[in-house]
Amino acid sequence: MTCNFGAFPESGHGAPHSSQIGYAGDIGPPFFNTHWSSHKCQKLRNDRDSLGHPVLNKVLFLFALISRPALPHVLETGLDDLNRQSLLSAARLVAPGTMDGDTESAPQVAESHGSTGWCEGSEPGLEVQLSHTDAAPKGCRAEGSSRATWCSLALETFELPPNVELEAMPLFPHWRLPLKLGAALLAATFLYTLLREVVHPSISKGWRDLYKIPVLVVNKALPWSSITLLALVYLPGQVAALLQLHRGTKYSRFPSWLERWLSVRKQLGLLSFFLATLHALYSLCYPMRRSYRYKLLNWAYQQVQQNKADAWVEDDVWRMEIYVSLGILGLAVLTTVAISSVPSIRSALSWREFQCIQRSLGYSALLLCTAHALVYGWKKWVESRSYVWYTPPSFVLASALPMAVLLGRAALLLPCLKRRLARIRQGEDVSSRVHRPGRV
């Protein structure tokens, strides 16, 4: 069946117009083989006749390109030069790789002599014949007297280009180790918090605190994992500096595990920023929870029962104000560091500017986040009730590794170590020792 929606009137079956376009034959993958009904063809033809031809010609052709099940069968449309340009533009829209200047993947238009035919089967995509004559079988060219224009449209290359081997394109190779590490950290911190916040109260006091799992438990696991990942971003650099100080040269290779660790620091930092953002969003949702409103009513009732006119607690007020402020500042600085990792932003910065942001602001963000965790704990460090089942509070474990990294950074800033490390990184070999004869 042939369906005509041309911008020009049909010329009749005996004398077809030479500038009309036709799809014919059974081409493309099997899931494209859906025939157009005669009712839909007639409807589009009537719509064509009721609107302006030049504009509708482009709209109908774009509709045909977007309507993927209809692609294997033909839009028979009269094309002038302007509409041929619209055809090529539509091909570029459907196949994103076919941009101007990309001569390898752009739709190829070829002139050939013959009444019918299709472009070679080796060409990627579906083949579109720019003539009104009937189509020959796919993959062949017929010789004839009439002049036909051929256009190869890579219509399915967006879904799966035929010349791409999926085995040669691994999926996110640089993100595999960071994602596994982040998932393991989240699982471990979640289970530890679940044990302290839900399991222990349920066993010892008979409470049913399962409602804490979606928000409270998750919101304690997120910052713990985030600050740990941020500490793991800067820890390998310190390990590498210690190795250089020990060896006295920068020309010896690092161990393979350290090289791998150094190569995924960007991914670890972005994961840390992502988890910190989630922690901020979860914290903003605290007053929205129904359980929080019930607890607020209970606190008000207890205050009335105890005949207290003022429930102000100075320590709690200062603790809340300080650790919230530190958390906001830490997230703001961490956002700056994460934005500087975007390739377009990074290319606009000099090497010195980039190093200043990544190193100085990065350590500042780690310091602010660690202070945020420590102030959150406040006096809980020394309270015996905070050690459930002889397990330390989560903020104690969360701040341990960041504090170790910050102390290591402070040690490397000592003048004796800083000068020696600077000479090594400038290429000097300080491991050699010149022993003068006659000296003991």
Side-chain angles (χ1 to χ4, degrees), residues 174-178 180-182 184-185 224-273 275-276 330 333-343 345-346 349-374 397-434:
H174 298 291
W175 284 89
R176 291 178 181 176
L177 178 60
K180 291 179 181 178
L181 182 59
L185 275 174
W224 187 354
S225 302
S226 175
I227 197 172
T228 303
L229 289 174
L230 186 59
L232 292 177
V233 171
Y234 295 99
L235 183 58
Q238 297 181 7
V239 175
L242 292 177
L243 284 178
Q244 289 178 344
L245 288 172
H246 175 70
R247 297 171 178 176
T249 180
K250 71 172 186 178
Y251 297 107
S252 58
R253 292 182 60 88
F254 295 133
S256 58
W257 58 269
L258 183 56
E259 290 183 353
R260 174 63 172 158
W261 192 357
L262 290 169
S263 65
V264 297
R265 288 181 296 176
K266 176 182 177 180
Q267 287 76 17
L268 291 175
L270 292 176
L271 279 179
S272 173
F273 169 70
L275 296 179
V333 177
L334 188 59
T335 303
T336 305
V337 178
I339 291 176
S340 67
S341 301
V342 178
I345 303 298
R346 181 176 180 176
L349 299 172
S350 65
W351 178 85
R352 188 174 182 182
E353 293 169 344
F354 181 76
Q355 289 295 319
C356 177
I357 294 176
Q358 293 290 321
R359 183 175 298 171
S360 301
L361 292 184
Y363 275 107
S364 300
L366 183 61
L367 177 62
L368 289 171
C369 294
T370 306
H372 169 70
L374 295 177
L397 299 178
S399 58
L401 182 60
M403 288 180 64
V405 173
L406 291 172
L407 290 176
R409 176 61 178 170
L412 290 176
L413 290 177
L414 294 175
C416 56
L417 297 179
K418 185 178 180 180
R419 286 195 297 265
R420 179 182 172 88
L421 188 60
R423 292 200 307 268
I424 292 173
R425 290 177 175 175
Q426 289 173 2
E428 182 179 349
D429 189 358
V430 299
S431 63
S432 60
R433 295 291 184 268
V434 178

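Given the structure is predicted, the values throughout are model-derived calculations rather than measurements.
The two residues Phe254 and Glu259 come nearest to each other via the heavy atoms O-OE2, 3.5 Å. The minimum heavy-atom distance linking Ile227 with Pro402 is given by the pair CG1-CG, 3.6 Å. For the residue pair Ile345 and Ser340, the shortest heavy atom distance occurs at CG2-CA, 4.0 Å. Shown here for Ala231 and Val405, the closest heavy-atom pair between the two residues is O-CG2, 3.8 Å. Closest approach of Gly248 and Arg420 over heavy atoms only: CA-NH2, 4.2 Å. For the residue pair Gln358 and Tyr234, the shortest heavy atom distance occurs at O-OH, 2.8 Å.
Under the side-chain contact (heavy atoms from CB on, under 4.5 Å) test applied with Gln244, the options Val239, Leu421, Thr249 reduce to a single match, Leu421.
A distance of 11.0 Å separates CZ in Arg265 from OG in Ser341, rounded to the nearest 0.5 Å. In this structure, Leu401 CG and Leu235 CG are separated by 6.0 Å, a value rounded to the nearest 0.5 Å. Taking OG from Ser272 and CG from Leu230, the interatomic distance works out to 4.0 Å, rounded to the nearest 0.5 Å. Atom CD of Gln426 is separated from atom CZ of Arg423 by 9.0 Å, given to the nearest 0.5 angstrom. Distance CG/Leu406 to CG/Leu367: 5.5 Å, rounded to 0.5 Å. Atom-to-atom distance recorded for Tyr251:OH and Ile424:CD1 is 11.0 Å, nearest 0.5 angstrom.
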Side chain to side chain contact (heavy atoms under 4.5 Å, CB included) for Leu412 and Leu245? Distances and angles first, verdict last.
CA-CA 10 Å; Leu412 290 176; Leu245 288 172; 4.1 Å; yes

Residues Leu258, Leu243; criterion side chain to side chain contact (heavy atoms under 4.5 Å, CB included); working and verdict:
CA-CA 11 Å; Leu258 183 56; Leu243 284 178; 3.6 Å; yes

What do the steps show when you test Val264 against Arg260 for side chain to side chain contact (heavy atoms under 4.5 Å, CB included), and what is the final call?
CA-CA 7 Å; Val264 297; Arg260 174 63 172 158; 3.9 Å; yes

Using the side chain to side chain contact (heavy atoms under 4.5 Å, CB included) rule, take Trp224 and Thr228 through it: C-alpha gap first, then chi angles, then the decisive distance, then the call.
CA-CA 6 Å; Trp224 187 354; Thr228 303; 3.5 Å; yes

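When side chains are defined from C-beta on, Trp175 counts as touching Leu270, because their heavy atoms get closer than 4.5 Å. Contact of the Leu181 side chain with the Leu232 side chain is registered, since non-hydrogen atoms from C-beta on lie closer than 4.5 Å. Under the 4.5 Å side-chain criterion, counting only non-hydrogen atoms from C-beta, Trp261 is in contact with Leu268.
Counted within 6.0 Å of NZ on Lys418, heavy atoms from surrounding residues, nucleotides or ligands total 12 or fewer; the atom is thus considered open. More than 12 heavy atoms of other residues, nucleotides or ligands sit less than 6.0 Å from atom CZ of Arg176.
Remark: the backbone N or O of Arg425 is paired with a side-chain donor or acceptor of Lys250 at under 3.5 angstrom.
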